[in-house]
Enquirer: 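Below is a structure I'd like to ask you about.
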Amino acid sequence: MPISSLTTGCIQSIMTGTEVEKPVLQILGTKKIASGNDSERYRILISDGKYLNSFAMLATQLNHLQQEDKLKENTIVRLERYTTSMVNKTDKADKRVMIILELTILNDGREVGQKIGNPQTFNPADAASAPAAAAASAPKPTMNNNNYAKNNNVSMNQSINSGHLISPIASLSPYNNKWVIKVRCMSKSQIRTWNNAKGEGKLFSMDFCDQSGEIRATAFRDDVDKYYDLIKQDGVYLISKCTLKAANKQFNHLKNDYEMTFGSETVIQPCEDDNDDSIPTVQYNFTPINRIAEMEDKSMVDICGVVKEIGEIVHITSKTTNKEFKKRELIVVDQSEASIALQIWGDDAVNLMVTFNPLLLLKELDSANSMELKVLALELDPFINSIQIFLSVIKFEDARTGGAGGGSMSTEWLSFFDVRARNLGNGDRPDYFQTKATIQMIRGQNAIYKACSSPDCNKKVVDEGESFRCEKCNITSHTYKARFLVNMSISDWTSNRWVTCFNDLVEQMLGKSASEVDAEIQASAGQEGNENEPFSKMFFQSYVFKLRCKVETYGDSQRNKFTAVAATPLNYKEYNKHLIGDLSRLTGIGKN
DNA sequence: CCCCCCCC
């Protein structure tokens, strides 16, 4: 590879505001800028052979280059994209810094082996006296047609801009409050309230991006009302006068050392053109679903998949905080032919259906061909809105162990033998596992109970003959709601257990509602010994049971109580895949 | 100024 020649003298043009397209420069050094936390930023000493520029920074998305040691001394690079920004220093003149957004390495530092030319530190004061010389020696600098750079020169709305140029997110810091950023909203949270020792209030936060990076912003209290409806996902905004502070990396995974807070001074102006392609849309880095199990707990992943199953909205009351939650679970599959349960909480779970087309999505169940999935996910229009949800950065709970908090499809396969051998059910929290099992026996007696007729209450009522009293709702009604609560003995390949199966699962397995069965039983009242008959359809059916077990104490005896939380009809293709996986793990034969 | 992330 011949050594590339540098764009001699271009630093003068760049640092005085003239844009040079794709300049070729030599790196003479890199330096990590001290920062208060584990996020890094690198300053680069860069040369055009004539001038040195030490006010160049690497956009954080390029940090990997430094970490991979690709920016060694003497390396020659071509800047594919960069931007400059005026940094205001109160005691001195404004200073221009250069932020490198994208570069190509032309020659390795060792290959070049030396500093090219005898570059001198560029001094803007000198430039004023001799501007022509450098421009003449540069190989035809042309105006940079890069959109981002162009935007820097667009005359912005004076009301917020006060004549300042658009700054890249990467240049924001707590020491600089004279800036306007032009950003796209990548995501917006729900409104959340808090109530603690320090007081109460509400907030929402949103993540913004531009070409240089990303940053989180949070609005509190009155600002929530002011801005919540204004900020829309994918919208482009001009924003100024926020407070910056160090980002708390524990909760904020964006690539930025800082995060910002809206205040009374803050000005936000929506841009007319949300399609402005100078401001990037959300960038994804997809992880195949079958790799998630290998990742560290609580890792952040982007996934690209389609919905295989859509759960109902479930209302939950937290046992620790007594707070009400709404949840919906989706099963998502991707090209890796793996699936994972995706939990969607709060209003997101409710609003999901609005843009959802369950028919189209469910169609994938039958033609689960990995090649087709990709095309459908990316190109079928009705998918796009819903798919966006999965494309977003999604936090999966412990997908590996299937223990507390695991998604249903990531639940560990364990036999009843394993469960006993591992002493499961003895912890503070219940244990979850799944096994393929066949229903051997069903206890028909008391398989249906009379539940409170209020829609959200399933509590067993006190039967007062003519009326039914719910002690939870404190109401008495003349009607009740029949619900299943079935005990059945199920057997896997190692052993059998009595498990409790709640209403929805039994209705699903039986294809009949508890009310229908209740009516049948009433109609044939008096016939003894036929209690199991209504359930005969379920006998000897096999399912993949997802089970919860927890040791409970009854008087002075303890018993491991098993409850079915899901029963999926056997999909032999999938189950065989699991068995083949076990075989290859056990024997080392097969997969790599 | 939040920082909770729930449940079966």
Side-chain angles (χ1 to χ4, degrees), chain A residues 37 187-207 216-224 228 242-254 259-264 266 297-300 309 311-331 341-350 392-399 402-411 425 428-434 456 458 485 499-506 508 545-550 561-568:
Chain A
N37 46 44
S187 64
K188 171 175 105 168
S189 77
Q190 300 175 47
I191 295 170
R192 207 176 68 228
T193 58
W194 82 87
N195 191 347
N196 59 25
K198 285 183 240 164
E200 58 175 52
K202 59 181 175 180
L203 69 113
F204 80 103
S205 60
M206 60 235 105
D207 293 343
R216 174 162 300 169
T218 305
F220 290 96
R221 304 172 197 274
D222 293 349
D223 294 328
V224 173
Y228 193 77
C242 298
T243 313
L244 275 108
K245 60 169 187 180
N248 186 336
K249 293 289 171 183
Q250 198 188 337
F251 306 106
N252 178 352
H253 298 272
L254 297 187
E259 56 193 30
M260 48 191 210
T261 306
F262 291 175
S264 53
T266 298
D297 294 358
K298 316 256 159 96
S299 297
M300 306 296 288
E309 290 166 39
E312 297 293 321
I313 294 170
V314 180
H315 294 257
I316 293 157
T317 308
S318 164
K319 278 177 187 150
T320 47
T321 62
N322 247 1
K323 249 179 156 178
E324 272 268 357
F325 293 102
K326 282 169 283 195
K327 188 198 83 164
R328 189 196 293 278
E329 184 172 285
L330 305 178
I331 305 298
L342 181 55
Q343 322 282 338
I344 301 183
W345 295 88
D347 289 339
D348 291 338
V350 179
S392 308
V393 175
I394 293 158
K395 185 167 74 178
F396 283 103
E397 295 176 351
D398 181 1
S408 70
M409 297 310 281
S410 58
T411 304
D428 291 339
R429 305 192 63 174
D431 288 306
Y432 292 84
F433 66 98
Q434 62 187 3
D456 291 327
N458 295 323
L485 205 167
V499 307
T500 301
C501 228
F502 288 107
N503 188 64
D504 295 359
L505 275 185
V506 180
Q508 189 189 310
F545 282 92
K546 180 175 167 182
L547 297 160
R548 177 178 72 238
C549 67
K550 176 90 178 76
K561 186 171 161 56
F562 290 76
T563 308
V565 295
T568 317

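So you know, we letter chains A, B, ... as the sequences are listed, proteins then strands, and number each from 1. The figures here come from the full heavy-atom set of this structure, side chains too, leaving out hydrogens, waters and symmetry mates. This one's a predicted model, so the numbers in the text were calculated from it and none came from an experiment.
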Enquirer: side-chain contact (heavy atoms from CB on, under 4.5 Å) with A/Lys326: which residues, sequence neighbours excluded?
Expert: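 Only A/Ile313, A/His315, A/Asp347, A/Val350 meet the side-chain contact (heavy atoms from CB on, under 4.5 Å) criterion with A/Lys326.
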Enquirer: For the side chain of A/Arg192, counting heavy atoms from C-beta on, which of B/dC8, B/dC4, B/dC1 is nearest?
Expert: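 Of the candidates, B/dC4 comes closest.
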Enquirer: Would one find a side-chain N or O of A/Lys202 under 4.0 angstrom from OP1 or OP2 of B/dC1?
Expert: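 It does not, given that no N or O in the side chain of A/Lys202 lies less than 4.0 Å from OP1 or OP2 of B/dC1.
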Enquirer: Nearest whole angstrom, please: distance from the P of B/dC4 to the CZ of A/Phe220.
Expert: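 Rounded to the whole Å, the gap is 13 Å.
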Enquirer: Rounded to whole angstrom units, what separation is found between the CG atom of A/Leu244 and the P atom of B/dC1?
Expert: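 Atom CG in A/Leu244 sits about 13 Å away from atom P in B/dC1.
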Enquirer: Using a heavy-atom cut-off of 4.0 Å across all strands, would you classify A/Lys245 as base, sugar-phosphate, or nothing?
Expert: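 Base contact.
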Enquirer: Using a cut-off of 4.0 Å on non-hydrogen atoms, how would the nucleic acid contact of A/Glu259 be classed: base, sugar-phosphate, or nothing?
Expert: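 The answer is base, as A/Glu259 lies within the cut-off (heavy atoms under 4.0 Å) of a base atom.
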Enquirer: Once you round it to whole Å, what is the distance between P of B/dC5 and NZ of A/Lys326?
Expert: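 Atom-to-atom, A/Lys326 to B/dC5, this comes out as 18 Å.
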Enquirer: Whole Å only: how far is the CG atom of A/Asn248 from the P atom of B/dC4?
Expert: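 A/Asn248 atom CG is separated from B/dC4 atom P by 10 Å.
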Enquirer: Quick check on B/dC2: is either OP1 or OP2 less than 4.0 Å from any side-chain nitrogen or oxygen of A/Lys198?
Expert: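 True: A/Lys198 side-chain N/O within range (under 4.0 Å) of B/dC2 OP1/OP2.
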Enquirer: What's the separation between atom CD in A/Glu200 and atom CZ in A/Arg221, rounded to the nearest 0.5 Å?
Expert: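 If I round to the nearest 0.5 Å, the distance is 8.0 Å.
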Enquirer: Whole angstroms only, please: what is the CG-P distance between A/Asp222 and B/dC2?
Expert: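 Taking CG of A/Asp222 and P of B/dC2, I get 16 Å after rounding.
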Enquirer: Just the rounded figure in Å: distance from P of B/dC8 to NZ of A/Lys550.
Expert: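 Answer to the nearest Å: 13 Å.
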Enquirer: Which distance, rounded to the nearest 0.5 Å, do you find between the OG1 of A/Thr218 and the CZ of A/Phe262?
Expert: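 CZ of A/Phe262 is found 8.0 Å from OG1 of A/Thr218.
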Enquirer: When the distance from CZ of A/Phe262 to P of B/dC1 is rounded to whole Å, what number comes out?
Expert: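 About 15 Å, once rounded to whole Å.
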Enquirer: Provide, to the nearest angstrom, the distance between the CG atom belonging to A/Leu547 and the P atom belonging to B/dC8.
Expert: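 My rounded result for the distance is 15 Å.
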Enquirer: Quick one: CG on A/Leu505 to OG1 on A/Thr500, what's the gap to the nearest 0.5 Å?
Expert: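 A/Leu505 atom CG to A/Thr500 atom OG1 measures 11.5 Å (nearest 0.5 Å).
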Enquirer: List in chain and number order the residues that pass side-chain contact (heavy atoms from CB on, under 4.5 Å) with A/Asn458, two or more places apart in sequence or in another chain; answer none if no residue qualifies.
Expert: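 For A/Asn458 the side-chain contact (heavy atoms from CB on, under 4.5 Å) partners, ignoring immediate neighbours, are A/Tyr449, A/Lys481, A/Arg483.
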Enquirer: Nearest of B/dC8, B/dC3, B/dC1 to any side-chain atom of A/Asn196?
Expert: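 The answer is B/dC3, which lies nearest to the side chain.
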